[in-house]
Amino acid sequence: MASALETLCGQAFGAKKYHMLGIYMQKSWIVLMVGCIALLPLYLYATPILKLLGQPDNVAEQSGLVALWFIPQHFSFAFQCTLQRFLQCQLKTAVLAWISLLVLVIHVLTSWLLVYHFRLGVVGIAVTLDISWWILVLGLFAYVVFGGCPKTWTGFSIQAFSGLWEFLKLSAASGVMLCLENWYYRILILMVGNLKNATVALDALSVCMGINGWEMMIPLAFFAATGVRVANELGAGNGEAARFAAEVSVVQSTVIGIFFTMLIMIFHDKIALIFSSSSKVIEAVDDLSYLLAITILLNSVQPVLSGVAVGSGWQSWAAYVNLACYYLIGLPIGIVMGWLFNLGVQGIWGGMIFGGTAVQTVILAIKTVNSDWDREVERATMHIQRLSN
């Protein structure tokens, strides 16, 4: 939901309406805190929910315990995600990097202390994450409030409580758009967990998702940068510059994606050694490596196009596209391939990739190529005027 700020703050910054950035962030704090409270039952009742979804009792109970300790971290995201986007839209990425580096050092030390020294296990890991995320929030907040953003932070304002309904609609559309994408691969893991004799398959899939998650950090960086740059240019009235920024980002991210795809294909029988020494897991990952390579290639393009959608304010449209591609096309194909044709994890994952991610990427690409960017500038101007009143 915080990605709504990439649209609003980015466009306001490009239009030189600097004071509105701080007000937008405060609006987002209000909306996201309400969202955190609404989602709290998922953490409180994680164990029975996971059992209801068919997960083994020991997995459900351990996950439920960790979920309870993750509640402080859950509430920290309402501030961390908004502060991050507030600074990104002003191109203050160096500040984010340095504060994050400091928190990483603290995180490593705290992890060693709680997990290895006091031997608190998964609870220690959860507490470490709680501490680290809140230190990050306090660090970013201190920078913003104590003089780091004199033009865009002018103090707390009662104006943050006005126009919340319009802000909520854009935030909700942003949240639905991104959640539909991110939940897709979580659902893949749940589905594989319900296969017969799924232990090795689940281990192999977890390895692949881990590698994909590492590489995904690069396209996600392009996602954020593209959203900010497109929003800045639209707010400033430069439609052609926004289009050019989108094209450059897609090309750069795709080239990087091709490089990592080739690495996966070359070392297909060795990549699992990073995570496991089990011969069964290594062999299973080898069998899945071509699907991992295709996923990495598609995910080098799709997040950048999603960044264009966020920067342009297309979240509502993109949410419908994601719903149709992922859940009305990809998920049913995955189920049919996995169970009806007895292809197991390869059928589930393959069906979801080609039926969902590939179709969504093509639709987003067509939308981006065929957009009237002068019209997008007009829409951005009206957006800023409506939410500035």
Side-chain angles (χ1 to χ4, degrees), residues 1-3 5-6 22 25-26 28-47 49-50 58-88 92-149 153 156 175 178-179 182-183 186 189 206 209-210 213-214 216-217 220-221 224 274-275:
M1 294 175 72
S3 66
L5 284 183
E6 292 181 43
M25 182 166 66
Q26 292 172 58
S28 195
W29 285 344
I30 296 168
V31 169
L32 264 64
M33 281 302 296
V34 172
C36 284
I37 293 170
L39 291 171
L40 194 56
L42 292 177
Y43 288 79
L44 296 174
Y45 300 104
T47 296
I49 290 172
L50 288 170
N58 60 335
V59 173
E61 288 167 6
Q62 188 81 328
S63 299
L65 174 64
V66 173
L68 291 175
W69 284 98
F70 271 163
I71 290 175
Q73 178 187 346
H74 168 60
F75 280 94
S76 75
F77 289 149
F79 301 98
Q80 183 266 330
C81 293
T82 47
L83 285 162
Q84 183 186 60
R85 284 158 177 79
F86 174 77
L87 292 169
Q88 282 177 346
K92 293 181 179 290
T93 51
V95 174
L96 287 167
W98 281 111
I99 294 177
S100 298
L101 177 61
L102 176 61
V103 174
L104 177 61
V105 173
I106 296 171
H107 177 75
V108 171
L109 294 174
T110 309
S111 296
W112 175 84
L113 187 66
L114 296 183
V115 178
Y116 290 101
H117 185 70
F118 290 111
R119 300 187 180 279
L120 296 179
V122 291
V123 172
I125 295 171
V127 172
T128 298
L129 289 167
D130 292 338
I131 294 171
S132 299
W133 282 111
W134 273 107
I135 291 175
L136 179 60
V137 168
L138 294 174
L140 295 175
F141 183 74
Y143 175 82
V144 170
V145 172
F146 295 114
C149 303
W153 176 263
F156 293 98
L178 294 177
C179 283
N182 287 297
W183 290 349
R186 307 303 184 272
I189 294 173
S206 297
M209 290 296 103
W214 283 351
M216 191 70 173
M217 293 300 102
L220 285 178
I274 304 171
F275 295 87

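Side-chain atoms are counted along with the backbone in the values below, which use heavy atoms only and exclude waters and symmetry mates. Keep in mind it's a predicted model, so treat the numbers as computed, not measured.
Counting non-hydrogen atoms of other residues, nucleotides and ligands closer than 6.0 Å to CH2 of Trp69 gives a total of 12 or fewer.
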Begin from the C-alpha positions of Leu140 and Leu96 and carry the test side chain to side chain contact (heavy atoms under 4.5 Å, CB included) through to its verdict.
-> CA-CA 8 Å; Leu140 295 175; Leu96 287 167; 3.7 Å; yes

Working for side chain to side chain contact (heavy atoms under 4.5 Å, CB included), residues Phe86 and Lys92 | CA-CA 9 Å; Phe86 174 77; Lys92 293 181 179 290; over 6 Å; no

Stepwise, does the side chain to side chain contact (heavy atoms under 4.5 Å, CB included) test hold for Tyr116 with Ser111?
-> CA-CA 8 Å; Tyr116 290 101; Ser111 296; over 6 Å; no

In sequence, state the C-alpha distance, the side-chain angles, and the governing distance for Val66 and Tyr43, and then conclude on side chain to side chain contact (heavy atoms under 4.5 Å, CB included).
-> CA-CA 9 Å; Val66 173; Tyr43 288 79; over 6 Å; no

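Listed here is the closest heavy atom pair of Phe75 and Leu40: CE1-CD1, 3.9 Å. Of all heavy-atom pairs between Cys149 and Leu87, the closest is SG-CD2, 3.7 Å. Scanning both residues, Ser100 and Leu136, for their nearest heavy atoms gives OG-CD1, 4.0 Å. Between Leu178 and Ser3 the shortest heavy-atom distance is CD1-OG, 3.5 Å. In plain terms, the two heavy atoms of Thr47 and Ala60 that are nearest each other are OG1-O, 3.2 Å. Minimum interatomic distance between Leu32 and Ala2 (heavy atoms only, all atoms of both residues): CD2-CB, 3.8 Å.
Sequence neighbours left out, the pairs with a member in residues 60-81 that pass salt bridge (charged side-chain N to carboxylate O under 4.0 Å, His left out) are Lys51-Glu61. Residue pairs that meet the salt bridge (charged side-chain N to carboxylate O under 4.0 Å, His left out) test with at least one member in residues 65-86, sequence neighbours left out, are Glu6-Arg85.
Judged by distance alone, the side chain of Ser28 and the main-chain N or O of Thr82 form no donor-acceptor pair under 3.5 Å. Ser132 contributes no side-chain N or O that, together with a main-chain N or O of Leu129, makes up a donor-acceptor pair within less than 3.5 Å. Within the 3.5 Å criterion, the main-chain N or O of Pro72 finds a donor-acceptor partner in the side chain of Trp134.
Interatomic distance, CG of Leu39 versus NE2 of His74, reported as 5.0 Å (0.5 Å rounding). Interatomic distance, Asp130 CG to Ile135 CD1, rounded to the nearest 0.5 Å: 11.0 Å. Of the inter-residue distances, the one linking Thr128 atom OG1 with Gln73 atom CD reads 10.5 Å to the nearest 0.5 angstrom. If you take CG on Asn58 and OG on Ser63, they are separated by 9.0 Å, rounding to the nearest 0.5 Å.
Contact of the Leu68 side chain with the Leu44 side chain is registered, since non-hydrogen atoms from C-beta on lie closer than 4.5 Å. Looking at heavy atoms from C-beta onward, Leu120 lies out of side-chain contact with Val115 at the 4.5 angstrom threshold. The closest side-chain heavy-atom distance from Trp98 to Val103 is not below 4.5 Å. With contacts defined as side-chain heavy-atom distances shorter than 4.5 Å, the pair Trp153/Gln26 qualifies. Side-chain atoms of Phe275 and Ser206, non-hydrogen and from C-beta on, never get closer than 4.5 Å to each other.
Residues passing the side-chain contact (heavy atoms from CB on, under 4.5 Å) test with Phe141, sequence neighbours excluded: Trp29, Leu83, Val145, Phe156.
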